[in-house]
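Positions are given from 1, in the same order as the sequence printed here.
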Amino acid sequence: MTTLPPPREISIVGAGPAGLTCAIVLAKAGRQVTVNEWHGDVGHRFHDDFQGLENWSDSQDVLDELAQAGIAATFDHHGVSEGTVFDSRARPHILRGTRPLFYLLRRGSAAGTFDRSLLAQAESAGVTLRFNTRIDRRSPDMVLAAGPRRADIIAVGKIFDTPMPDGAWLALGSDLAPYGYAYLLVRNGRGTVASCMFSGFRDQARHLQATLAFFERHAGMVMLNARPFGGFGNVRHPREAMQGGAPVIGEHAGFQDALAGFGLRYAVRSGRLAAESLIGGTSYRAAWHRHLAPALKAGIANRFLFNNTGRQVLDLLIGHAAQGDAGLALQRAYRPTLIRRMVFPLARRRYRAMLADPSCDHRDCACVWCQHGAHL
């Protein structure tokens, strides 16, 4: 009788949501897993700021998707089913969904954050965590989840205390956020306001000031004990999402919505897909092409259409979404329709370097990426 050797230990590079999800799935399947993180803790890129875990791009609720991956919703979260979107004329439109449009959660290293919850669940599953550790070699027994390799999107804003009632607001405008959007999120006396921009990084301070003034005027924003924060994201459509035989997941692979910049759901999905491919000896490349690529392609096509659509058309689309179930309208925006399939090749050529901002040349630039990016 032939005795098979025990499965080799899997090494994961990066303790972000993608890496920790992958580790949890592997460990619960009985594999030995070590997560190596070159920073001293989880959530190092974040500051206890609010983020959204999107719940519109799929018919399945994202919390049920997490549960299927073996991840419990032990992090602080709140389902947001209604929000205000300001069009190009600053006219408010109330968007509502029959289920949460997104789940509001916190990012960072504090108790109750998404990152801290995943870390605790990984440790409980038997994952070995090694912080302040860099890994330079590559092997097939490795998963790469080291986060963004460049900045295609940056967010700059404030975290604050406030007497305001709970709410979610979003605004469009090149003065607020070039080719992006500005947002304000308030929950239980805490708020996050930011400009999420896809261009104009060098002028981030000016765009942030315009964003603050806009929400003070149109949403009655009141900030107390304000603290600055910033972040960045990487968007691209990889051909393989493999490097040296190792799966590449999360933002390390560029898995993020090119239209709205949401990446947490892609992080969890890609982490789970990589783990399942290693457990079953199947193709990770085939899995992500099947389960991630359709929505990723739609996002890139949507980004091209957004960048080349006039204000009047966008205003009409916002008004239309406000007339019915906004969640269903958003879900339709990520379906691989004929128009999006036709636009995608053109959009991919246009964004061959994806959304890299030409104003950010790393020369005398004080944007978030130049100050804190992985290139440093």
Side-chain angles (χ1 to χ4, degrees), residues 3-46 65-75 107-109 113-149 238 240-253 255 263-288 291-292 374:
T3 302
L4 296 175
R8 289 178 290 185
E9 179 181 344
I10 303 297
S11 176
I12 298 175
V13 180
L20 290 176
T21 296
C22 186
I24 291 167
V25 175
L26 285 166
K28 288 189 173 184
R31 302 298 294 268
Q32 287 188 306
V33 188
T34 297
V35 175
N36 302 279
E37 170 58 54
W38 72 283
H39 291 89
D41 203 351
V42 294
H44 62 90
R45 290 169 48 207
F46 305 98
E65 185 176 337
L66 289 175
Q68 286 184 353
I71 296 172
T74 55
F75 46 91
R107 298 294 309 279
S109 58
T113 61
F114 188 57
D115 308 86
R116 183 60 62 188
S117 170
L118 290 178
L119 175 64
Q121 293 183 59
E123 291 175 329
S124 178
V127 175
T128 299
L129 275 297
R130 293 176 180 166
F131 291 101
N132 299 307
T133 302
R134 286 182 178 270
I135 301 294
D136 296 322
R137 64 178 181 84
R138 300 286 185 267
S139 78
D141 299 315
M142 182 176 286
V143 179
L144 305 179
R149 301 295 89 194
E240 301 290 335
M242 300 287 293
Q243 186 174 332
V248 186
I249 61 177
E251 282 192 84
H252 196 153
F255 292 150
L264 280 178
R265 196 164 191 172
Y266 283 118
V268 171
R269 280 184 176 176
S270 60
R272 178 184 180 183
L273 291 173
E276 290 173 347
S277 71
L278 291 169
I279 293 166
T282 56
S283 169
Y284 169 64
R285 181 184 182 277
W288 80 257
H291 296 285
L292 302 185

Check: Taking side chain as C-beta onward, heavy atoms only, is Pro238 less than 4.5 Å from Val248?
Finding: no

Can a donor-acceptor pair be found, under 3.5 Å and without considering hydrogens, that links the side chain of Lys28 to the backbone of Gly70? yes

Between Leu144 and Ala246, the two heavy atoms sitting closest are CG-CB, 4.3 Å

Quiz item: Any salt bridge between Arg265 and Glu65, counting N to O under 4.0 Å?
Solution: yes

Residue pairs meeting salt bridge (Lys or Arg N to Asp or Glu O under 4.0 Å), one or both in residues 243-252, sequence neighbours left out, come to Arg45-Glu251

Exercise for review: Show your reasoning for whether side chain to side chain contact (heavy atoms under 4.5 Å, CB included) applies to Val42 and Arg116.
Suggested key: CA-CA 7 Å; Val42 294; Arg116 183 60 62 188; 4.1 Å; yes

Note: Asp41 and Ser109 closest approach over all heavy atoms is OD2-CB, 3.6 Å

message = If you define the side chain from C-beta out and look only at heavy atoms, does anything of His291 sit under 4.5 Å from Arg269?
response = no

Q | Thr282 side chain to Gly280 backbone, donor-acceptor under 3.5 Å | A | no

Side chain to side chain, Trp288 and Ser277, heavy atoms closer than 4.5 Å | no

Residues passing the salt bridge (Lys or Arg N to Asp or Glu O under 4.0 Å) test with Glu240, sequence neighbours excluded, are Arg285

Does Leu129 reach the side chain of Glu123, with side-chain heavy atoms less than 4.5 Å apart? yes

Worksheet entry | Side chain to side chain, Arg272 and Cys22, heavy atoms closer than 4.5 Å | no

- Task: Check whether any side-chain heavy atom of Val35 sits under 4.5 Å from a side-chain heavy atom of Thr128, and report yes or no.
- Result: no

Are side-chain heavy atoms of Thr34 and Glu9 found at a separation under 4.5 Å? yes

- [ ] Show your reasoning for whether side chain to side chain contact (heavy atoms under 4.5 Å, CB included) applies to Leu26 and Ile12.
- [x] CA-CA 11 Å; Leu26 285 166; Ile12 298 175; 4.2 Å; yes

Heavy atoms of Leu264 and Phe114 approach each other most closely as CD2-CE2, 3.9 Å

- Message: Any side-chain to backbone donor/acceptor pair from His44 onto His39? Under 3.5 Å, distance only.
- Response: no

Requested in this report: Please examine the side chains of Val25 and Ile279, heavy atoms only from C-beta on, and report whether any two atoms are closer than 4.5 Å.
Outcome: yes

**Asked** What do the steps show when you test Tyr284 against Val143 for side chain to side chain contact (heavy atoms under 4.5 Å, CB included), and what is the final call?
**Response** CA-CA 11 Å; Tyr284 169 64; Val143 179; over 6 Å; no

